[in-house]
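Report on one structure; see the data block that follows.
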Protein chains: 2
Amino acid sequence: MTEANLCRTDLVAVLMTVRDETPHILTLRNGSSLPAGPLKSAHRSLQKGLRAWVEQQTGFHLGHIEQLYTFGDTQCEDGMRLVRISYMALTSTSTDEGDWRSVYDYFPWEDRRRGDTDVILTQIVKHIRKWSDGRSDRHRRCAIAFGLDNHPWNDELVLQRYELLWEAGLVAESHIKGEFILHSRAMSDDYRRVLATAMSRIRARIRYTPAVFDLLPMHFTLFQLQQTMEALAGRFMHKQNFRRLVLSQHLVSETGSYEQAGQGRPARLYRFDPAGSENCYLAGAKLPLSPVTLSS
Amino acid sequence: MTEANLCRTDLVAVLMTVRDETPHILTLRNGSSLPAGPLKSAHRSLQKGLRAWVEQQTGFHLGHIEQLYTFGDTQCEDGMRLVRISYMALTSTSTDEGDWRSVYDYFPWEDRRRGDTDVILTQIVKHIRKWSDGRSDRHRRCAIAFGLDNHPWNDELVLQRYELLWEAGLVAESHIKGEFILHSRAMSDDYRRVLATAMSRIRARIRYTPAVFDLLPMHFTLFQLQQTMEALAGRFMHKQNFRRLVLSQHLVSETGSYEQAGQGRPARLYRFDPAGSENCYLAGAKLPLSPVTLSS
DNA sequence: CCTATATATGCTCATGTTGAGTATAATAAG
DNA sequence: CTTATTATACTCAACATGAGCATATATAGG
């Protein structure tokens with residue numbers, strides 16, 4: 001009964017930072033792999049183990065760490081199952097060391113800030129429509145994922161989009177060989193799916209947790225904050241409204257000093273204010289709850 | 001280097017349903033354990049393996065299945081690490097078979113619909129204030145988790161609350177022996193933490209995915225839907241506004257028939273409408289994004 | 001010094017969403 | 001017929017959001 005539950009277990013890390021207004025990840029083997037290694041039993045929790053392992057290997061200080069997903073689909077040569085536990089870790093440390101690559105090399109269709117992304121998407125739509133032709137379930141999934149038929153573009157659906165492209169044979173990793181492969185960087189061992197999971201997760205996280213601040217220096221301008229959000233979301237935001245939103249939540253407080261002037265009026269510098277972070281529900285519980293209060 | 005990554009791997013399932021306006025879970029060993037078993041290598045993906053395993057063991061049809069978290073803290077007798085991959089599964093099948101128990105037996109403080117929950121919470125606050133006395137970080141965590149100091153009660157923080165109680169030595173499973181233990185049902189092997197994770201997750205899920213409908217029969221009234229949500233959230237909702245919200249999202253469509261009248265005016269019966277489910281962001285992306293549309 | 005340009009910041013306003021009710025409709029029980 | 005009970009419809013103030021205009025403060029070039 002219990003002889004079958006021995007598995008090889010690996011940790012996989014998506015180490016993310018934002019530089020040059022673009023999210024970057026640490027890669028290995030010429031961009032085709034993510035940092036991964038066997039689970040050592042030295043640490044009490046997996047999370048602590050991962051932190052220690054990555055910090056030791058890379059020398060970076062890690063901010064927010066989050067477990068993503070545990071994959072068990074892979075079979076080893078020896079017939080044993082390989083379980084891979086994936087994590088996302090954020091860092092603001094930017095070094096030239098290590099092979100950092102833009103996330104959008106792997107998902108060019110996810111950066112809606114570039115004007116030419118529409119060209120890629122038009123291409124995708126053409127092929128994916130062919131794949132979903134006559135299958136209403138596929139058609140609906142595509143419409144929702146890619147924002148067709150009056151559906152809005154939902155930037156959090158990175159994983160759904162990647163899986164559709166995989167199913168339709170439009171990426172190199174796919175199990176079927178389509179006659180057309182999208183121009184984008186591939187990865188081995190399904191690591192690109194792990195990366196898609198990470199992007200979905202971070203795009204969701206920045207909305208209602210203060211996770212972005214782990215990607216910023218101690219002091220920053222509101223526009224730097226905005227640009228970091230934009231880099232992750234792959235979308236432009238309305239500058240004045242972004243200010244209003246952030247300031248109204250008291251997520252940041254003024255440092256009193258100003259940015260080293262470049263062009264134009266110098267911007268105020270702010271720091272993250274943890275005291276306001278519990279209000280960081282930019283989105284949030286919109287159920288029509290009746291109020292509940294407890295007298296402390 | 002690779003000799004250390006052999007682990008025992010177990011699947012753990014939180015099988016949830018709602019009956020009698022209360023969320024229930026399937027338990028074992030007199031309520032002290034959850035269904036768990038070794039990972040068999042028969043199935044291609046973990047998710048499919050779990051579904052087959054639970055459906056075979058229990059005979060229930062499972063709706064929404066979701067991976068919760070992978071725990072690696074446990075050490076076996078033989079020195080090998082035990083990795084436990086936990087899942088939540090929803091079912092609307094209600095049978096008398098199996099040892100189903102109310103979730104609120106394990107977390108009485110989470111059901112804010114009962115008037116006497118305030119008594120429990122007052123008790124908790126008394127002890128937890130003592131524990132956090134003079135430690136501002138602890139004080140802040142408690143305030144946010146338990147809705148003190150003008151913080152609103154956030155029903156999604158089930159796990160945070162449980163972990164605080166655990167740290168403070170107020171639950172039986174705790175590593176430290178407090179002089180006071182809260183009246184609530186305990187579990188072995190940290191299963192209660194898994195359950196807390198599941199409750200946190202489902203309370204988040206019902207807000208912006210149509211997961212609730214997996215807990216309802218095919219046809220239902222709006223008030224049944226509301227009561228199911230209330231059971232999970234542990235909160236009462238405003239009836240008229242709940243209707244408005246659900247109907248405005250086109251999440252349901254009328255069946256044309258009416259409930260078998262009990263008291264009062266008979267209620268219309270509805271069914272879930274998957275066509276509207278992509279609008280199920282009751283909460284959602286409230287970033288001030290600039291609009292993006294793609295001409296299909 | 002004056003002007004053009006660039007950026008930051010402040011403010012307005014129409015529209016939509018939410019919280020908290022009041023009002024009305026349709027049934028059962030007495 | 002009256003009352004109790006539940007379902008459903010509608011109102012209204014407060015607040016949040018999307019979109020844009022207006023002003024402030026810097027640099028660069030004449």
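Since we're looking at a predicted model, the values are computed, not measured. Note on naming: letters A, B, ... go to the chains in the order of the sequence lines (proteins, then strands), and numbering restarts at 1 for each one.
In the set D:dT11, D:dA19, C:dA8, C:dA8 carries the atom at the smallest distance from any side-chain atom of A:Lys239.
In this structure, CE of B:Met237 is placed 18 Å from P of D:dT8, rounded to the nearest angstrom. Atom P of nucleotide D:dT6 and atom CD of B:Glu259 are separated by 11 Å, given to the nearest angstrom. Atom-to-atom, CZ of A:Phe242 to P of C:dA8 comes out at 12 Å; the value is rounded to the nearest Å. The interatomic distance linking B:Arg243 (CZ) with C:dG19 (P) rounds to 17 Å, in whole Å. In this structure, the OH atom of B:Tyr258 is 14 Å from the C1' atom of D:dT6, given to the nearest Å. Going from atom CZ of A:Phe236 over to atom C1' of D:dG18 covers 18 Å, rounded to whole Å. Between the CD atom of B:Gln260 and the P atom of D:dT6 there is a distance of 17 Å, given to the nearest Å. Per the geometry, CD belonging to B:Gln224 stands 14 Å off P belonging to D:dT6, to the nearest Å.
Using a 4.0 Å cut-off, no side-chain N or O of B:Arg268 falls inside it from OP1 or OP2 of C:dA26.
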Name every donor-acceptor pair, under 3.5 Å, that has one atom in a side chain of residues 213-221 of chain B and the other anywhere in the protein, sequence neighbours excluded.
from, atom 1, to, atom 2, distance (Å)
B:Asp214, OD2, B:His64, N, 3.0
B:Thr221, OG1, B:Phe223, N, 3.4
B:Thr221, OG1, B:Gln224, N, 3.0

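In terms of the ring-ring contact (aromatic ring centres under 6.0 Å, His included) criterion, residue partners of B:Tyr69 (sequence neighbours excluded) are, by chain and number, B:Phe71. Under the side-chain hydrogen bond (donor to acceptor under 3.5 Å, both in side chains) criterion, B:Gln67 pairs with B:Tyr87, sequence neighbours left out. Considering only residues two or more places apart in sequence or on other chains, B:Tyr104 meets the ring-ring contact (aromatic ring centres under 6.0 Å, His included) condition with none of them. Shown here are the ring-ring contact (aromatic ring centres under 6.0 Å, His included) partners of A:His127, two or more places apart in sequence or in another chain: A:Phe180.
Geometrically, B:Arg112 engages B:Trp153 in a cation-pi contact defined by less than 6.0 Å to the ring centre and at most 45° from the axis.
Place A:Arg244 and A:Ala267 on DNA chain C by their nearest nucleotides, and A:Ala267 ends up nearer the 5' end.
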> Could you write nucleotides 20-30 of chain D as a row of B, S and -, 5' to 3', where a protein heavy atom under 4.0 Å of any base atom gives B, of only sugar-phosphate atoms gives S, and otherwise -?
Replying inline: BB--BBBS---
